[in-house]
Structure formats: structure tokens, C-alpha cells
Protein chains: 2
Amino acid sequence: MEATKSVADQNAPAVGRRERNKQEKLARIVSAARELFRDRGFAETTTQQIAEAADIGTGTLFLYARSKEDLLVLVFRDEMVETARTAFAALRGDEPLLDQLMQVFTSMMDYHQRDTDLARILLKEIMFPNAIGRQADISELLDIIFGGLADLIARARKDGRYAQGANPVHVAENLFANYYFSLLTWLGGRVTREQTAHRLRQHLAITIGEVA
Amino acid sequence: MEATKSVADQNAPAVGRRERNKQEKLARIVSAARELFRDRGFAETTTQQIAEAADIGTGTLFLYARSKEDLLVLVFRDEMVETARTAFAALRGDEPLLDQLMQVFTSMMDYHQRDTDLARILLKEIMFPNAIGRQADISELLDIIFGGLADLIARARKDGRYAQGANPVHVAENLFANYYFSLLTWLGGRVTREQTAHRLRQHLAITIGEVA
DNA sequence: GCTATAAACTGACTACAGTCAGAAATGAAG
DNA sequence: CTTCATTTCTGACTGTAGTCAGTTTATAGC
């Protein structure tokens with residue numbers, strides 16, 4: 001659809017041109033998928049519809065995402081990264097550690113609350129660290145969360161807000177495991193969000209060695 | 001295939017007879033599914049094959065299990081219950097709490113190690129406490145695990161092997177969350193079993209407030 | 001420009017979980 | 001035994017994720 005080519009384009013390496021096309025097409029696919037997932041939901045959207053909306057063939061779609069669930073990761077990963085980043089950035093810094101942790105985790109729960117059906121699938125498909133058959137990479141997201149948590153622990157210790165001597169990275173993993181499990185029970189449908197948050201607080205308190 | 005009927009059978013209420021047939025058919029289905037899952041794996045077994053092996057129509061299969069994954073639960077639930085029960089029963093009772101916990105969890109990991117592909121699916125499909133579309137009930141399994149853990153905590157406290165004051169049920173949940181997350185990373189394929197066990201020990205130690 | 005090679009694309013096709021309208025079996029009542 | 005109602009069963013069918021043999025497009029060398 002490009003009528004003319006600039007001199008710069010002509011001089012650019014061939015690989016670059018191809019790569020750019022690829023990126024543009026991927027962006028078109030992800031954007032189409034996002035709209036459809038939001039509109040009709042994940043299960044109700046067919047890969048045919050996505051391909052059609054992105055103006056490509058069915059087969060092409062699967063050259064850009066290995067599976068429909070892979071596509072889901074591509075669509076929502078950036079939002080989740082942003083949510084996590086914002087949650088950590090919003091902390092004042094001198095609150096009690098337990099409060100900081102709860103602020104971060106409830107922010108993330110807020111994000112999931114917007115669409116719990118989607119959250120259920122994300123939880124099952126994204127967070128499950130199973131690389132088999134998975135293309136889209138979520139290590140950046142995990143780095144932000146684990147790194148952020150470990151950072152909070154280390155700082156709290158320096159400020160005397162946390163007395164325990166365990167490795168901050170291990171504490172971070174323990175905390176996240178508890179958050180993850182809370183999400184499971186929440187999205188499993190048996191408990192309300194309030195109950196979940198309350199329970200999570202208790203679990204976090206146990207991990208950091210405080211009485212809730 | 002019953003050639004004769006006893007007087008007792010003839011006098012038995014009709015509902016009983018029907019119910020018995022239903023149970024027998026379910027047993028046949030579960031048994032057929034178990035064999036096929038073991039032989040070929042979950043993904044490679046089709047519901048058609050299961051139905052054929054159980055000598056019923058395709059549609060009938062879905063009257064006894066709501067989905068293929070439901071069938072998986074029916075097939076392996078009892079084994080998992082047995083594994084958990086045995087793991088708790090095998091404890092001597094006077095070991096340090098952390099050692100007891102590790103014994104229980106490594107026993108359960110032993111079970112999963114026999115077939116990690118299956119474990120991956122079980123972890124995703126069974127343990128995920130999502131009742132939506134799920135028929136087979138795993139509350140007995142969860143009761144055994146949570147109850148067993150809470151019991152260990154309570155006893156250790158009474159014996160002076162555990163000083164913390166938190167609610168044993170909450171501690172049990174925290175411990176299980178860490179076990180569950182360890183399984184995720186293990187079965188995710190990035191780490192060996194030994195690394196996983198070592199890491200788990202650290203996490204459990206943090207939860208119960210000990211230095212590993 | 002032309003040709004050859006490689007990369008990207010395509011949609012008809014396959015495989016399979018799960019459905020459903022109707023058939024068969026069971027049991028109750030006369 | 002003969003209805004009639006209810007439960008149980010069935011397999012042809014449907015919808016859709018993902019594949020693949022063949023086609024088109026982009027690039028490199030001449």
C-alpha cells in the first residue's frame with residue numbers, strides 16, 4: 001500500500017525492511033486480538049475472527065503466536081508489567097512492610113478484578129511457568145515482581161522495619177507464592193475479594209514474621 | 001452377565017439396582033481411562049478411545065464425566081489422597097517441624113516424579129480450585145493436606161518445637177502455597193528436583209520462622 | 001531488468017472435545 | 001402382557017484450534 005519509497009528506505013538494509021513489516025503485522029494482530037478479547041471474551045473469540053480482523057490468513061496467525069493462549073499473553077503482558085511497575089512506584093517508602101506488600105498485591109488484584117474470567121485464564125496460562133509450547137516470554141514481568149519485592153524487603157531491613165535475617169530473594173518468592181495461591185482461591189470462586197485480601201494479609205504476616 | 005438373581009436381589013429396591021449399574025459403569029470408564037492415560041499419556045488419548053475401551057458410546061462418557069479433564073481427576077484423585085495420607089502417617093512425630101514438612105512434601109513430589117507430564121496437567125487442572133465446569137470433587141484431598149499440616153503445626157507448638165503464635169490453619173495454607181509454587185517452578189522445567197527441594201526448604205523455613 | 005533462493009503467507013483440511021435429537025432400556029400401573 | 005413415563009444411552013454431528021502442501025512475495029546476485 002506504500003505508493004512511494006524514500007531514499008532512506010531504499011538504502012536501509014533489506015533485513016530491516018522485512019523486520020519492520022513483521023513488527024507491524026504482529027502489532028496489527030495483537031491489537032485485533034485485544035479488541036476481540038475485550039469485546040466478546042477469550043473463549044467466544046475464534047482465531048479465524050482474529051485473523052480476519054488483522055487481515056491475514058488463518059495460518060499466518062500461528063506464525064506470530066504459537067497458540068491462542070500465547071496470543072493472550074502477548075495481548076495482556078504489557079498491561080500487567082505496567083500494573084506491577086506502577087504498584088511499586090506508588091509506595092511512599094516509610095510505611096510498615098506489611099502495608100507496602102498489601103498495597104502492591106491489592107493493586108494487582110484491582111487489575112484482575114476488571115475481568116475475572118480473563119484473570120482466571122491468565123493465571124492458568126500466563127503465570128504457569130511452563131515453557132513447553134509457550135512462545136511469549138513473561139520473564140520481564142516476573143523480574144519486576146520478584147525484584148520489587150526483594151527490594152522492599154532489603155530496604156525495610158535497612159530501615160529497621162523488618163528484623164528477620166532470611167535471604168530477601170527467598171522471602172520475595174515466599175510472598176509471591178502466597179499471593180499466587182490467594183489469587184487461585186479467589187478466582188476459584190469460593191471466596192469474596194475481601195475475604196481473600198484479609199487471608200492474604202495473614203499469610204504475608206506469617207512469612208515476614210509479624211502478628212497480623 | 002448375571003445368570004441368576006438371588007431372592008435378596010429381587011427384593012432390593014429398584015433404585016439400588018440402577019445405582020449399582022451406574023457405579024459399575026463409572027468404574028469401568030475410570031479404569032479404562034486410567035490404563036489409556038498411563039499407556040499413551042493424557043493428550044494422546046482420545047475420548048473416543050476411552051469410550052470404546054469402556055464399551056460405551058461417546059456421548060455416554062460425558063454423562064459420567066463433564067470433560068476429559070474431569071476424567072483425569074476421577075482417575076488420579078484416589079492415588080493422590082492415598083499418597084498424602086501415607087506421607088503424614090509415616091512421620092515419627094518427634095522430628096523437627098521443618099524436617100517433618102519436608103518429608104511430607106518430598107513424598108508428594110516422589111509421586112509426581114513418576115510422570116511429570118501428568119503432574120503438570122494435574123497441577124494445572126486438579127489443584128486449580130476452579131469449580132466452574134468441574135464435576136469431580138477434590139475437597140477430601142485438600143482436607144487431608146491442610147488438616148495434616150495444621151495438625152503438625154499444632155503438635156509442634158505443644159511440644160515446644162515451634163514457637164510462633166500464628167493460627168495453625170493459616171500457617172498450613174502458607175506452607176501449602178509455597179509447596180504448590182515450588183511444584184510450578186519444578187514442573188515448569190527450569191530447575192531440577194534437587195534445586196526445587198532445596199529452595200522449598202528455605203521457603204518453609206521462612207514461613208515457620210526458622211533459619212534454614 | 002531477470003533468475004534463483006529463501007522467507008512469508010495462505011486457506012482447505014484434520015483431529016478431536018463435547019452436544020443433542022432421537023432410540024433403547026427400565027420401571028410403574030393396570 | 002400392555003401401555004406410558006422416565007431414565008439412560010447413542011453416534012452422527014458441530015465448532016474450532018492448529019497444520020501443511022502449495023503459492024506468493026521479498027531479496028540477492030547477475
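Chain identifiers are assigned alphabetically (A, B, ...) following the order of the sequence lines, protein sequences preceding nucleic acid strands; residue numbering begins at 1 within each chain. Because the structure is predicted, anything quoted here is derived from the model rather than measured.
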query = How would you label the contact of A/Thr46 with the nucleic acid (heavy atoms, under 4.0 Å): base, sugar-phosphate, or nothing?
reply = sugar-phosphate
request  = Report the nucleotide, chosen from D/dG18, D/dC9, C/dG18, that has the shortest atom-to-atom distance to any side-chain atom of B/Ser67.
outcome  = C/dG18
ask   = For the ring pair A/Phe181 and B/Phe181, is the centre-to-centre distance below 6.0 Å?
value = no
inquiry  = Can you tell me how far apart NE2 (A/His170) and CD (B/Gln202) are? Round to the nearest 0.5 Å.
reply    = 4.5 Å
ask   = Which part of the nucleic acid does B/Leu61 contact within heavy-atom distance under 4.0 Å: base, sugar-phosphate only, or nothing?
value = nothing
query = Taking only N and O in the side chain of A/Lys22, is any of them less than 4.0 Å away from OP1 or OP2 of C/dA8?
reply = yes
note = Considering only heavy side-chain atoms of B/Phe62, the closest of C/dA17, D/dG18, D/dT10 is C/dA17
ask   = Which residue pairs satisfy the side chain to side chain donor-acceptor pair (under 3.5 Å) criterion with at least one member in residues 43-53 of chain A, sequence neighbours excluded?
value = none
A/Asp137 side chain near A/Glu140 side chain, heavy-atom distance below 4.5 Å = no
key: Phosphate contact (C/dG11 OP1 or OP2) by A/Thr58 side-chain N/O below 4.0 Å   = no
query = Is the phosphate of C/dT10, meaning OP1 or OP2, less than 4.0 Å from a side-chain N or O of A/Thr60?
reply = yes
request  = Determine: side-chain N/O of A/Tyr64 to OP1/OP2 of C/dC9, distance under 4.0 Å, yes or no.
outcome  = yes
ask   = B/Lys25 side chain N/O closer than 4.0 Å to the phosphate oxygens (OP1, OP2) of D/dC9?
value = yes
